[in-house]
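All of these numbers come straight from a predicted model, not from anything done at the bench.
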Amino acid sequence: MSSNGRVFLHIGEPKTGTTFLQQVMWGNRRELAAQGLVLPGHHPQDHFRASQDLRGIEKLPSDPAGSWTGEWDIVAQQARQAPQVAVISHELFSAADEEQAARAVRSLQPAEVHIVLTVRDMASLLPAEWQETIKHRNARGWEDWLGDVIDRESVDADRRQWWFWRVHDTLALLALWARHVPAERVHVITMPLPNAGTGLLWERFAGLLGLDPAGADLSQARPNTSLGLPEIEFLRRLNGKLPAEVPDWFYMWTVKEGVAHKALADRPRHGRLVLPADREAWAKEQAEALIAGLADSGYQVIGDLDELRPRASGAASLAGSPADQPPDEVLDAAVDAAAALVVNQYRKEHGAPRGRAGAGRGGQAGRGLAGRVEAAVGASPRLKRTVRELSSRYPAVRKLRILAWQTLERSRARSRRA
């Protein structure tokens, strides 16, 4: 593979349709590969692990996942070898600092490096981000958390020291990355208004990559919608009761994935959290500052800057404060969560029911050597951990992983021509 292609590093921001775009690409990997798109690695988690490695995040010894040391170098080298277009996508790249951003761009060269950022209006972002913090073990109430973000953190001279602003101080983080790539290779995609549907976001992203958006089946992406207010209030209360001895990695797999994203996400949604009326003026000020900054930046804006202006929420969408939800509705959510935990524990000990392998266009079954090998490796957590641990210690193993990936890419290319 040559090294004269383009690499698009999609760095976030969180809660701006990033998961949707990632699932569309990975779920349609074979179809998009026919248009010249390469996704380094074998699974979306490879890009998460690469972001952790690049940012120097320490992995707890108790975490059963394999080491992520060296994962960025592996993904970067695979991306450099794409003959046309490669995409590395994870929203946590937005948390990189100056030195980490410089290293990322440098390690992707001599490929032509592009930075992509998706953004949304502040009024809808804040409720989405608070709910996301609850799914990451936060126990702070909505109003208290909002007061911290707006009243204390937003006015700090170094507000990127706080997590929300580290990943959402849009102009600051764009300026950081723009020190290492030309402004014309920095692309900002505005998140469409809700009534436009998610398809428009994919059309904008695919158009930037030079892909035909119709070549992807959008049903491959699961909805990443917000939880209802009783469900998020139950999770918040649960977080307040969990002792520190429960590690975050266990919480992510057991509570966030097993309970929030499965059991609670399937429940009928009651109410929608919106920004309080007394915060709307602040959100509008933030929007105007961001719009003016982007208009004068020299970055390519894909979409409509007017989409960054807050819209009226409408009283019909309100259902009170999350903390004021009716006890019986919170209890119903708790019962569903408890049932999910029982089922998950049973399946962990006795195995899940066998489903139809390779369902959907993105399934690996019947996809040739590349698909069969990736499916076999993906089904063996022990094998994946062993390979990652060896990769973290021995550069030679990293080289072997890259060579194996190249072989799979060639197999994928042959299957496209067949």
Side-chain angles (χ1 to χ4, degrees), residues 10-18 91 94-95 115-133 142-179 181-198 200-201 203-205 208 226 272-315 317-318:
H10 179 208
I11 64 173
E13 300 172 10
K15 308 310 297 179
T16 60
T18 52
E91 53 274 19
S94 62
I115 303 300
V116 186
L117 191 76
T118 40
V119 294
R120 70 188 289 183
D121 74 279
M122 186 65 73
S124 67
L125 172 66
L126 284 164
E129 267 290 17
W130 175 74
Q131 289 206 24
E132 191 66 17
T133 69
W142 163 236
E143 291 82 2
D144 289 344
W145 178 87
L146 197 61
D148 280 348
V149 170
I150 294 177
D151 300 328
R152 180 165 64 97
E153 299 170 9
S154 73
V155 296
D156 194 303
D158 182 25
R159 65 184 187 178
R160 282 199 84 220
Q161 68 177 297
W162 308 102
W163 178 255
F164 178 88
W165 293 105
R166 187 168 187 83
V167 297
H168 291 299
D169 194 348
T170 303
L171 294 176
L173 69 91
L174 284 171
L176 183 151
W177 287 90
R179 296 186 189 113
V181 298
E184 61 268 21
R185 283 200 246 141
V186 176
H187 314 280
V188 180
I189 302 178
T190 59
M191 193 171 177
L193 300 178
N195 59 7
T198 54
L200 180 55
L201 179 62
E203 289 176 13
R204 292 173 179 178
F205 193 81
L208 171 63
S226 299
R272 181 171 67 90
L273 187 65
V274 298
L275 198 65
D278 61 354
R279 299 294 192 178
E280 290 179 355
W282 177 87
K284 291 177 181 177
E285 290 176 4
Q286 296 292 309
E288 295 306 323
L290 177 56
I291 289 170
L294 290 176
D296 295 336
S297 65
Y299 311 140
Q300 181 190 18
V301 176
I302 302 170
D304 189 344
L305 287 176
D306 187 58
E307 292 167 329
L308 300 179
R309 290 188 169 94
R311 261 55 182 182
S313 58
S317 65
L318 298 174

_Assess the residue pair Trp130 and Leu146 against the criterion (side chain to side chain contact (heavy atoms under 4.5 Å, CB included)); give the C-alpha distance rounded to whole Å, side-chain angles, the decisive distance to 0.1 Å, and a yes or no._
CA-CA 8 Å; Trp130 175 74; Leu146 197 61; over 6 Å; no

*asked:* Salt bridge or not between Arg166 and Asp158? Use side-chain N to carboxylate O under 4.0 Å.
replied: no

*In plain terms, say whether Asp304 and Arg309 are close enough for a salt bridge, that is, a side-chain N and a carboxylate O under 4.0 Å apart.*
no

Side chains of [X] and [Y]: closer than 4.5 Å at any heavy-atom pair?
X      : Y      : result
Thr16  : Glu91  : no
Arg279 : Asp151 : yes
Leu176 : Arg160 : yes
Pro192 : Arg204 : yes
Phe164 : Thr133 : no

Interatomic spacing from [atom1] in [X] to [atom2] in [Y] - rounded to 0.5 Å:
X      : Y      : atom1 : atom2 : answer
Glu285 : Met122 : CD    : CE    : 11.5 Å
Leu275 : Trp142 : CG    : CH2   : 5.5 Å
Trp177 : Ile115 : CH2   : CD1   : 5.0 Å
Glu13  : Glu129 : CD    : CD    : 9.0 Å
Leu305 : Asp121 : CG    : CG    : 12.5 Å
Leu126 : Gln286 : CG    : CD    : 9.0 Å

Can you name the nearest heavy-atom pair linking [X] to [Y], along with the distance?
X      : Y      : value
Gly17  : Leu201 : CA-CD2, 3.8 Å
Lys15  : Ala128 : CE-O, 3.9 Å
Leu308 : Ala287 : O-CB, 3.3 Å
Leu273 : Pro127 : O-CB, 3.6 Å
Leu294 : Ser297 : O-OG, 2.7 Å
Ser94  : Leu173 : O-CD2, 4.3 Å

*With sequence neighbours excluded, give me every salt bridge (charged side-chain N to carboxylate O under 4.0 Å, His left out) pair touching residues 167-178.*
Arg159-Asp169

